[in-house]
Amino acid sequence: MTKGGAPGLVLRGVTKTFGGVHALDSVDLCVMPGEVHGLLGANGSGKSTLIKVLSGFHAPDSGSLQIDGRSIALPMPLGRSEAYGLAFVHQNLGLLPEATVLENLIAGDHERLNPWRINWRAESDRARRLFAEYQLDLSPDQTVEELLPVERALLAIVRAADRVREHRNQSASGILVLDEPTPFLPQQDVRRLFGIMGRLKKMGVSIIFVSHDIDEVLEVTDRSTVLRDGKVIGSYDTAVTDRDTLVRAIVGRAVSVDRRVSALPIAKPVVEISGLTGSILKNVALSVQPGEVLGLTGLIGAGHDEVTTLLSGACPAKSGMLTLAERKLDLTQLRPADAIAARIAFIPADRQRLGIAPDLTLTENAMLPRLGSSVMLNHAKLRRLTMDLLRRFAVKADNPGQPASELSGGNQQKVVLGKWLQLRPQLVLLDEPTQGIDVGARQEIYDRLAEVCEEGGAVICATSEFEQLEAIAHRVLVFDRGVIKAELKGSDVTKALIAKACYEGTQIHAAE
Amino acid sequence: MRQSKVTYQLERFGLVFVWLAFIALFGFMRPDTFLTWSNFSTIFGSEAVLVIVTLGLIIPLTAGDFDLSIAQVLTLVSMSTAILDARLDVPLIIVLPVVLAIGALIGLINGFITLYFRVNSLIVTLGVGTFLHGVTLWIGNSQTISGVSPALMEWVIIQRLWGIPIAFYYAMLLAAMIWYMLSYTAFGQHLLFTGRGREVGRLTGVAVGRVRLLAFVLSGMMGAVAGVLYTGTTGSANPSSGTFLLLPAFAAAFLGATCIRPGRFNPWGSVIAVYFLVTGINGLSVLGFRTFVQDLFYGGALVLAVMVSQIVSGRKERGL
């Protein structure tokens, strides 16, 4: 502890397990009044679990919370955190775009508003005073969709700060949790965000700043805590800490991952992409050779996952050409049916909405791409093919006629994989293919991808799990704000080096 | 968690059992009026129109869209048929394709507005239906038009097969065709994915827009067929004929989705649901209840049907 005085928020020994796995392992966190405290960690380090314990979304197995010296029983009752002076701004901001700034500002402010009569003029004046105080150039009557992304973020922060202040008494100043507010903001706008954080700090508000961006954390925080695998690795005084220390704390010692990639002979690429531009990606070019697993990664908002949605025709690209086995496809015109005809398979991240129809049966889900325009479906044959597929992909299911919703996530994903791989694709696109899937199913999915490669197919896998890339990727491209900033090959494809490339690249645009 | 075979079969045929129980109850109370062949053959024949409207509804419902205009398609087509046939003496061989095309065109309009402007089909078809009712009143001068050629009536209601008017068999033929379409064609699966997993279908190459459009066209055509049969059944066209069919058709479609293939809109379930509902109403009116039982029964059945299907599926939030 570097400052004197009583801490604003103290968490002690917070432990949370999911199915026997420690998401949080006796985590301590201490935030002083008027302190900006960074919370750092890679994907799956426990950052979001910790925030969800604070907001009351998760009940911890054990642990205690104190705010301003007052003990607060955990689990925090949902929606009560504001009453204790704790407010959250999540990445999606929680604003309603169609509503006005004022409507958004007072939404949910049950403590102060008269539910039977809202005095709009008084509220509008109050909003103007509030914006003036925080030096924000916002009009209460604008709709939120007219605002710039950064203005929306500022509005959400001011709203949270206002709620915290409502509940503060003489001694307590409140705590604001900013959960990854910056990844989708342009660089110059991040400054405006830091500006408001500075003003809040002067008012004595504590801020927990959750981020993956080490440079931002170094710039804006007083202290920071690093989590890895659910444990606190350390708390650092940021004034006397350098980025390498933090990177090392985040990534940890390289654990040996079972790397299952064999060397590839140099060959002519089977997939070539040029000028790919989407909502994040800017003029990206890349190629894949037969039998290769190309990994795409980056921090949140880097755009690596957009590659798969554009190449599959799920969303039209702003520009881009795909050459697949000498065949040219215009990515601005590509529809999913064209992609399938070109033997491209896409296994999306959002399984429940895009991957599988939970109400429909396994047969229906698995056989849909094989039906063509048949007017004489042979149900016995489809059922047989499905049983065959379930066996080949080791899906644990009772029978092909059961709804997909009855299967576990891992088994559902194996059905999705089977549905696409039965078409013998030339190019397999995957987006976070093992999200929410147990270790056993993961290995089986890797095995199936290895088979695709043996048969000369190409695989592009977008993921934020570095370990997964070390396990399966021949080559890794690291993305940052829509462009490729690093390429790792062969023995360089390790969790540590990928992480280093991801976190280091942020230095480049910090200097911009 | 798999339910046992027995409970599943009970669920599939539950509505049939309730229907048979109704027949037994009414038959026991009024054996001489209710439980007569002529009563049943009348029910089977005259309600063929409602069966066809219900069958028309389940096509867009399967694709996740409402077609509230179908009853007014029926009215408009019924009126057009009567005017063309009785007033203008156009031969039936020309009238039939013309009115079918009217139905298809209205489906096309419904589909185009829904898809191109991305408006909820509930609103689009509600408006289009009311508009069509206006057109019907206009062209028919708000009057009932009679004097339809006997040939039409002959081939709808007068001819009987095994004692039941031939209209019933038309309805069964259409039910069989839709059953085949939904069960044995790729298009049927495309409809299903469009309704229950639209994005999954789209990413698997299903042209979901075209599927929805075609569903509207088919329901428009079914409405047209029902309109022709309506004119044939009554020998005339009146401008409010379809108005009282929309709610019963919806009740039957949702009630039908609780049996035969529970959880899905299905043609045989719809047929059973229609006859279950009209048996109930017929029986209650034989017992002496007055016309208000219709509304009580149809409205109650619709709400009950969706409640039952939600309980069966575990009260999940869903679109249709």
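Note on naming: letters A, B, ... go to the chains in the order of the sequence lines (proteins, then strands), and numbering restarts at 1 for each one.
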Test log, rule side-chain contact (heavy atoms from CB on, under 4.5 Å), inputs B:Gln189 and A:Leu382: CA-CA 13 Å; B:Gln189 288 288 298; A:Leu382 293 176; over 6 Å; no
Over 12 foreign heavy atoms within 6.0 Å of CD, A:Glu98: yes
Residue pair A:Gly372 / B:Ala186: nearest heavy atoms and the distance that separates them: O-CB, 3.4 Å
Closest-packed option against chain B by number of heavy-atom pairs under 4.5 Å, given A:Ala337, A:Ala339, A:Ser374, A:Ala341: A:Ser374
Crowding at CG, B:Leu173 (>12 non-hydrogen neighbours, <6.0 Å): yes
Toward chain B, the part of A:Leu354 with a non-hydrogen atom under 4.5 Å: both
Shortest non-hydrogen contact between B:Gly197 and A:Ala357, atoms and distance: CA-CB, 4.1 Å
Heavy-atom contact with chain B under 4.5 Å, split by part of A:Asn365: both
Polar side-chain atom of B:Arg202 near backbone of A:Ala314 as donor-acceptor pair, under 3.5 Å: yes
Closest contact, heavy atoms only, A:Asp359 versus B:Arg264: O-NH2, 4.1 Å
Atom OH of B:Tyr116 with >12 non-hydrogen neighbours under 6.0 angstrom: no
B:Tyr180 side-chain N/O to A:Val375 backbone N/O, donor-acceptor pair under 3.5 Å: yes
Proximal component of A:Ser373, with respect to chain B [non-hydrogen, under 4.5 Å]: backbone
Atom group of B:Arg198 that falls short of 4.5 Å from chain A, counting heavy atoms: neither
Top contributor to chain A contacts, counting heavy-atom pairs under 4.5 Å, from B:Gly201, B:Gly188, B:Gly205: B:Gly205
CZ/B:Arg210: more than 12 non-hydrogen atoms of other groups inside 6.0 Å: no
Separation between CE of A:Met367 and OG1 of B:Thr204, rounded to the nearest 0.5 Å: 12.5 Å
Exercise: identify the closest heavy-atom pair between A:His379 and B:Tyr184: CD2-CE2, 3.2 Å
Closest non-hydrogen atom pair, B:Leu203 against A:Ile340: O-CD1, 3.7 Å
